[in-house]
Each structure stands twice: as C-alpha cells, then as structure tokens.
Protein chains: 2
Amino acid sequence: MVVYAGQGDPERTLALLWRTTSDGPPRRGPKPALTVDAILEAAIAVADESGLDGLSMRAVGERLGRTAMALYTYVPTKRELVDLMYDHAHAGLVPDLPSGWRDAVEIWALAVHERYLRHPWLLQVSHARPVLGPHEQTVLEKLLEALPDVAVRATVSALFSLVRGSARTIAESRDAATGTGTSDQEWWTARSGLMSSLVPDFAERFPRSANLPPVEWDKAAHEAFTGGLTLLLDGLENQTRRRMSPKAR
Amino acid sequence: MVVYAGQGDPERTLALLWRTTSDGPPRRGPKPALTVDAILEAAIAVADESGLDGLSMRAVGERLGRTAMALYTYVPTKRELVDLMYDHAHAGLVPDLPSGWRDAVEIWALAVHERYLRHPWLLQVSHARPVLGPHEQTVLEKLLEALPDVAVRATVSALFSLVRGSARTIAESRDAATGTGTSDQEWWTARSGLMSSLVPDFAERFPRSANLPPVEWDKAAHEAFTGGLTLLLDGLENQTRRRMSPKAR
DNA sequence: TTTCAACTCCTTACGGCATAAGCTATTGTC
DNA sequence: GACAATAGCTTATGCCGTAAGGAGTTGAAA
C-alpha cells in the first residue's frame, strides 16, 4: 500500500522526468492526441479526489476520454506514472527565501507542509529512494542553500520527518472524516460510549489516557509541528553558535 | 494504499479487540477449528514476510490450510483483521521504565522504534483515528506515566512523528533493497551514471545536492532519529525547568 | 502513386483481489 | 430422531494492472 519510487527501467523513467526527448526527424504514425503532461494532470486530479487507492489506469483514461490501455503509449507502467506525478506535484513549491537561515528554513518547512496537504497522496510515495526528478531536486537544493553548514544530513532528515509526520496526521484525519461521513467529534463520542460499556474498568486501567480530553487532531498536529520545528531550530542555533565561538566549548 | 483504522462496525471490532466474548451456553454446530489469535498470528507472519500488499485473505487462509472464506467466520472484513493485527503487534512492547523521565522517554521511544522495524507494515496503518485496542492503549499510557506535565499533547505527537518517520525511512530502504535486489549503493551508482549522461548540467543546477555524497540511509535515519530525540528532550527539559522556577522567566 | 514501417489506440483476455450468496456437513438441544 | 445453529466450502461478481494482438493513421521510400 505504499508505492516505491524508481523501480522501473531507470533510463526511460529518468528521461521522462527530465524530459530529455531529443526531437529528431518528425515521427510517423498518427499524431498523439495526448501528452505526458495532460496525463499527469488528469492523474493528479484523480489522486487528489480519490487518493492513491482510487488512482487506476482506467480512471485516468476515462477522465481523458480514453481507455486505460491508451496511456501505456506514453507511460511504461503505473509505477512510473506515480513517479512522474510525484515530481510534477513538487513544481514551484518553494517561494523565495529570506536571507536569515532560521526564517528561511521555517518558510521552507511550511511551504512543503502545505503542498503535502494539498496532495496527500504524496505522503504515500516512499521517500527511501528519491525519485530524482527536477522539481523534487529543486526543493532539496533550496533547503541546502538555506541551511547552515552544521549537521546537514541529520537536520534534513529530521525536518522531513516532522513535516511529513504532521501532514500525514492531518491528512488522514481529514480523509477519515470525509470518507466515513463522521467528524472526529462524532467518532470519538460514539467510541467512548461503546468503550465505557464494553470495558467498564477502562478509567482504572488507563487513568492518564482517560484524563486526556478529546482533541481536534488537526489543531494538535499543527501545534506539534510548529513546536517541534521550534525545538529543532533552537538546537541548530545552539550548534552554530558553538561553531562560531569555539572557546565557548 | 493506506489502511484506515476503525471504520467497520465499531461494536464488533471493539469486542474483538478487547475480547469481551461473554461465554454463555456451549454453542451448537461444528467446533471451530481456528481461533482469532491463530488467524492474527498467521496474518502477521504473512505481513512480516510480504508486507501489507502481500496480505490477502487467500494468503492467510492458505497458511492455515483453509480457504479465504473460512476466515470470514472469525473476522468481519479484512479491515478489521488489520485493526486486530495492529493492536496485537503492540503487545508487550514497552519494558519497565526507569524513574527519571528523560531516560524513560528515551527508552520508550527506542522500544517503539524497534517494534516498528520488526513489523514495518504497522507504519501503513493510519494513526489518525486510533484503533483503541488494549495493547496500543498500554503503550500510550506508559508514555503518559513517564512524561512531565508540560506540553503533553505536542510532545506525544512530535515523538510519534520522529519515531514513525525514522522507522519508515529505514524500513522502506531495507524493503527497496530486498524487493529490487539492488543495494542502496548499487542503485545510487547506477542512477548517478545515468544522470550525468542525461542531465549533464546537473552539478551546475544543483551544486549543493551534487556535493552531498551518497549515504547509507539506514545509518543516516538512525542518526536523525537520535539527534531529533535529543533536541526534543532538551527543549522539554528547558520548559520543565522554567516551570519549576518561575522567577527565571 | 504505391508500399511499407512506425505509430496510436482499441478490444480482448488473464490472473489476482475482497467478498456476497448459497451449499454441505457437523454439532448441540429438544 | 428432528431441528436449529454453525463452520467451512464452492461459485460468482466486479474491480485491478497489463500482456497480446488487431485496426486505422501517417510519413518516407520506391
């Protein structure tokens, strides 16, 4: 249920990602009625509406007035399609960043967070082996430009963990709400009613959990995100200061 | 491709989770040859081996010498089966924690991290609406016992983000390695060779990314995890100290 | 102008999935 | 011994990705 990146024919995928189509002599055969970009936009629209589960070749084809098989002329497999969608959805993500590194990183993180929330299916594409497309690469490059030269790798990983984790919680909560037709509130009261009758000794066995009042996950996740970000940047600032004045050690 | 928790008939699911089966008079009909626990263990074994993608009712049935349909006597749908698996896999996770809150939280986080790595499919079960089973509840309760009474909710969320994010990266990297038969190393060199021929101006367009040498994701993710954890706990310690001596404000 | 290769897009088909419907065989209660 | 309840089976439905191969379209070579 997670889609792994970059497992198809690497050359074909990379060529598609970077659009290195050497336009030689005019090609024979019927003019293509579609373009890779049109397919990507249709596919992204489908995924935005119905999630990665609802993304089928048939659904994408239908949105373009074609059959599923027509897409295979443009894209080798569904896996590569998802890779291309992933990179495409990262286009124009990062705004111009201010010169102070701390403000820059914060703005970067918020921009990425926002994009993930606009396309929640991005969170289901594995991060382990990067897709290596131009747009995702740009996002990383802009962060590296902003970061101070300290603990770069760990900072990058931790930042992505925080951004993705928070976005995931928020996206899933929203999705569950629309998907089931019950709000977090309704869901919670229904459950706690059932729980108290099914597990009458709950409050004794789990006193602290029972004391934790219900919460809007959306809001809590946002707070955890900004809070964690602040902590991380504080730590980074500490380290850079120590770097600048070594005698403080 | 993500499984959402708690969307089936809540009463039936909760009863299964908490095993509140009131054993009344002996039941008619053939003796059940299976138990819910046997099914859970078979299903978890399948998921450990082949991931949540490889988890099909047929596969679980086959492992028990039954057909897929036989399982539906014990478990309403596949979704509830995953909920039950999720809680089951949290059993006995948290060891006895030391009295100092900082050590306790660190040990807790490492234990959860380890469990996620043992059952990577856990990371694909949505965290948005908790499954509310006894074992997961115990994990949360133990953390709440350890935490100081400061920014509880934000700390809990941030901790889970870090633990899950890091575990996810590591698990996906391992999975990609075994799934494709190419190590991170091999994959990377193959890609960078292709990239330099397909995108010859890469180093000029992305100087900082190009300067970042390849890395073992496994190790980097571990460092990011412990690093982020340290930062978070530092921040928490700051806040508790401020709480204890208010004049320091 | 004819021929042909290259090309797009289609229909059909296969094996896999979750699970609904309905059957058979087994067991306890009357 | 009759009957109700239950376990586990077979079959069928409608999804999925995509392999195979055919039909129609176009540009270049003859």
Side-chain angles (χ1 to χ4, degrees), chain A residues 1-4 7-9 12-13 21-39 42-43 46-47 50-85 121 124, chain B residues 1-4 7-9 12-13 21-39 42-43 46-47 50-85 121 124:
Chain A
M1 304 164 122
V2 159
V3 178
Y4 292 100
Q7 305 203 345
D9 171 30
R12 172 104 191 253
T13 312
T21 44
S22 54
D23 32 23
R27 320 172 59 184
R28 300 186 193 179
K31 297 275 176 248
L34 299 177
T35 62
V36 174
D37 273 321
I39 292 176
V46 171
S50 343
L52 221 45
D53 282 326
L55 180 78
S56 70
M57 299 302 267
R58 286 167 172 82
V60 177
E62 203 168 333
R63 184 174 281 257
L64 295 162
R66 294 288 127 82
T67 66
M69 291 313 287
L71 307 179
Y72 283 91
T73 309
Y74 301 89
V75 154
T77 70
K78 188 186 179 187
R79 196 184 286 287
E80 335 282 316
L81 173 60
V82 174
D83 280 2
L84 293 173
M85 289 166 63
W121 49 269
Q124 292 173 47
Chain B
M1 320 327 252
V2 159
V3 177
Y4 292 97
Q7 306 203 344
D9 172 29
R12 173 104 191 253
T13 312
T21 44
S22 53
D23 32 21
R27 322 174 57 184
R28 300 187 193 178
K31 297 275 179 244
L34 299 176
T35 62
V36 174
D37 272 322
I39 292 176
V46 171
S50 345
L52 220 45
D53 283 326
L55 181 77
S56 70
M57 299 302 266
R58 283 164 175 82
V60 178
E62 202 167 333
R63 183 174 282 257
L64 294 162
R66 296 287 128 83
T67 66
M69 291 312 289
L71 307 178
Y72 284 92
T73 310
Y74 302 88
V75 154
T77 69
K78 187 186 177 185
R79 196 185 285 286
E80 336 280 316
L81 173 61
V82 173
D83 281 2
L84 293 172
M85 290 166 63
W121 48 270
Q124 292 173 48

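Because only heavy atoms are used, hydrogens play no part in the values below, and waters and symmetry mates are left out as well, while side chains stay in. A, B, ... follow the sequence lines: proteins, then strands. Residue 1 opens every chain. Bear in mind that the values here come from a model prediction, so they are computed numbers and not experimental data.
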Please tabulate the protein-to-nucleotide N/O contacts below 3.5 Å involving nucleotides 8-10 of chain C, giving atom names and distances.
from, atom 1, to, atom 2, distance (Å)
C/dC9, OP1, A/A33, N, 3.0
C/dC9, OP2, A/Y74, OH, 2.6
C/dC10, OP2, A/T67, N, 3.2
C/dC10, OP2, A/T67, OG1, 2.9

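The distance between atom CE of B/M57 and atom C1' of D/dC15, rounded to the nearest whole Å, is 17 Å. Spacing between atom OH of B/Y72 and atom P of C/dG22 amounts to 18 Å, rounded to whole angstrom units. Whole-Å rounding puts the A/R79 CZ to D/dC16 C1' distance at 15 Å.
Between B/L64 and B/A38 the shortest heavy-atom distance is CD2-O, 4.1 Å. Across all non-hydrogen atoms, the minimal contact from A/T13 to A/D83 is CG2-OD2, 4.1 Å.
Listed by chain and residue number, A/E49 satisfy the salt bridge (Lys or Arg N to Asp or Glu O under 4.0 Å) test with A/R63 (two or more places apart in sequence, or in another chain).
Note on A/L55: only backbone sugar-phosphate atoms sit closer than 4.0 angstrom, heavy atoms only; bases stay farther off.
A/Y74 pairs with exactly one of A/I39, A/T35, A/D37, A/L81 by the side-chain contact (heavy atoms from CB on, under 4.5 Å) rule, that one being A/I39.
One finds the CG atom of B/L34 at 7.0 Å from the CG atom of B/L71 (value rounded to the nearest 0.5 Å). With values rounded to the nearest 0.5 angstrom, A/K78 atom NZ is found 5.0 Å from A/L55 atom CG. In this structure, OG1 in A/T77 is found 9.5 Å from CZ in A/R12, a value given to the nearest 0.5 Å.
For B/R58 against C/dG16, no side-chain N or O and base N or O form a donor-acceptor pair under 3.5 Å.
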Give the C-alpha distance, both sets of side-chain angles, the deciding distance and a yes or no for side chain to side chain contact (heavy atoms under 4.5 Å, CB included) between A/T67 and A/R58.
CA-CA 6 Å; A/T67 66; A/R58 286 167 172 82; over 6 Å; no

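The end-to-end axis angle of the helix from C/dT1-D/dA30 to C/dC30-D/dG1, rounded to 10 degrees and based on five pairs per end, is 30°.
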